Structure formats: C-alpha cells, structure tokens
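Inspection log for the structure reproduced underneath, given as structure tokens.
These figures come from a predicted structure and were not determined experimentally. Every heavy atom of this structure was used, including side-chain atoms; hydrogens, water molecules and symmetry mates were not. Both ligands and their constituent atoms are indexed starting at 1 by order of listing. For the single chain, residues carry numbers from 1 onward in sequence order.
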Amino acid sequence: MKTIAVNIVTPDGPVYDSEVSMVIGVTATGEMGVLPGHIPTVAPLGIGAIRLKKDNSTELVAVNGGFLEIRPEKVTILAQSAELATDIDLPRAQEAARRAEARLQANKDEVDFKRAELALKRAMNRINVYEGNI
Ligand code: ATP
C-alpha cells in the first residue's frame, strides 16, 4: 500500500514522525483528507483531531491551531500544541474544561468570554482524543 510521511512539530519539539496511508485533519474550512500523491497545499488548522490511518489502526493527535503543509510525499503539521492520545493528561484537561465553563458562566467581558470559549474547545478536544471519541 502507498504511504505518505507525516511529521507533527510544535514549539516544544517533534510529536509524531511516521509513514501513514491517510491523514485527516480539521482545517479552518472543514475536514481535509490527505492521501499519498496529494497536490501541494498549505491549510490553516483549527482546534481538532488529526487522524493518522495505518493498515489496521488509526492514531489520534489533538492539535491546537497551526498549519498543514502538504507535498505529494510528505505532510508537515506545525502546531501551537499537539499531543498524542496516549500522552494526554485527562484530569488536567477535565480541570481546564471545568475552569473554562466557570468563566463562561461568570459571563464577564467579551475578551474573557472568547478566551474561555477557546480554552473549553482545547480541553474538550483533548478529552475527545483521549477517549477516541472522534
Ligand atoms: P491548561 O489550562 O491545562 O494549561 P491549555 O489549553 O491552556 O490547558 P495549552 O496552552 O494549549 O494548554 O498548552 C500548554 C502546553 O501544555 C502544551 O505543551 C500542551 O501540549 C500541554 N498540555 C496542555 N494540556 C494538556 C493535557 N491535558 N495533557 C497533556 N499535555 C497538555
């Protein structure tokens, strides 16, 4: 089967480096599936899961913003943060979600509200990726 190399890199260092048969990511305009031989593209990433499909398995990585750079033989993902499902600290994400929900309830100014909404989205994404609930 044809494969494509995938590299996921964050400011803290590399997170993933492997050959896969398909990559599915959440871009600003929706889900994007990438197969080997894809035309060169750059797309901005939202907060969401990257699905890395291999023969009989799918690995999940939670990413938070960044860019997906596609070349026919290689996908590079530069993300603000990225965690493999197995590296996610579930209690930390649950606590972050609880804090963000409390801030949303407090309903202060618009800036706080936006920040809390984004924090909640990051936390829920981590919880979903940890649980394989994508
Ligand atoms: P928190 O409030 O728990 O710090 P956050 O969404 O504000 O969450 P980020 O700013 O997105 O955190 O990430 C900061 C760093 O912490 C990144 O390196 C990210 O990979 C890591 N990180 C954040 N939450 C988790 C988690 N639940 N499990 C593992 N790593 C995490």
Indicate yes or no: at least one non-hydrogen side-chain atom of V129 is less than 4.5 angstrom from one of E83. no
Under a 4.5 Å cut-off applied to non-hydrogen side-chain atoms, are I24 and E31 in contact? yes
Could you tell me whether a side-chain N or O of N125 sits under 3.5 Å from a main-chain N or O of G48, the two making a donor and an acceptor? yes
E59: which residues meet the salt bridge (charged side-chain N to carboxylate O under 4.0 Å, His left out) condition with it, sequence neighbours left out? K54
When you pair each N or O of ligand 1 with protein N or O atoms, which pairs come out under 3.5 Å?
residue, atom, partner, partner atom, Å
ligand 1, 2 (O), R99, NH2, 2.6
ligand 1, 3 (O), R92, NE, 2.9
ligand 1, 4 (O), R92, NH2, 2.8
ligand 1, 6 (O), R122, NE, 2.6
ligand 1, 6 (O), R122, NH2, 3.4
ligand 1, 6 (O), R126, NH1, 2.8
ligand 1, 7 (O), R122, NH2, 3.3
ligand 1, 11 (O), R122, NE, 3.4
ligand 1, 11 (O), R126, NH2, 2.9
ligand 1, 16 (O), R92, NH2, 3.0
ligand 1, 18 (O), D12, OD2, 2.8
ligand 1, 20 (O), E83, OE2, 2.5
ligand 1, 24 (N), R92, NE, 3.3
ligand 1, 24 (N), R126, NH1, 3.4
ligand 1, 27 (N), D89, O, 3.0
ligand 1, 28 (N), D89, N, 2.9

Those residues at least two apart in sequence (or on a different chain) that pass salt bridge (charged side-chain N to carboxylate O under 4.0 Å, His left out) with E19 are none
Donor-acceptor list for residues 35-46 side chains, cut-off 3.5 Å, not counting sequence neighbours:
residue, atom, partner, partner atom, Å
T41, OG1, I39, O, 3.0

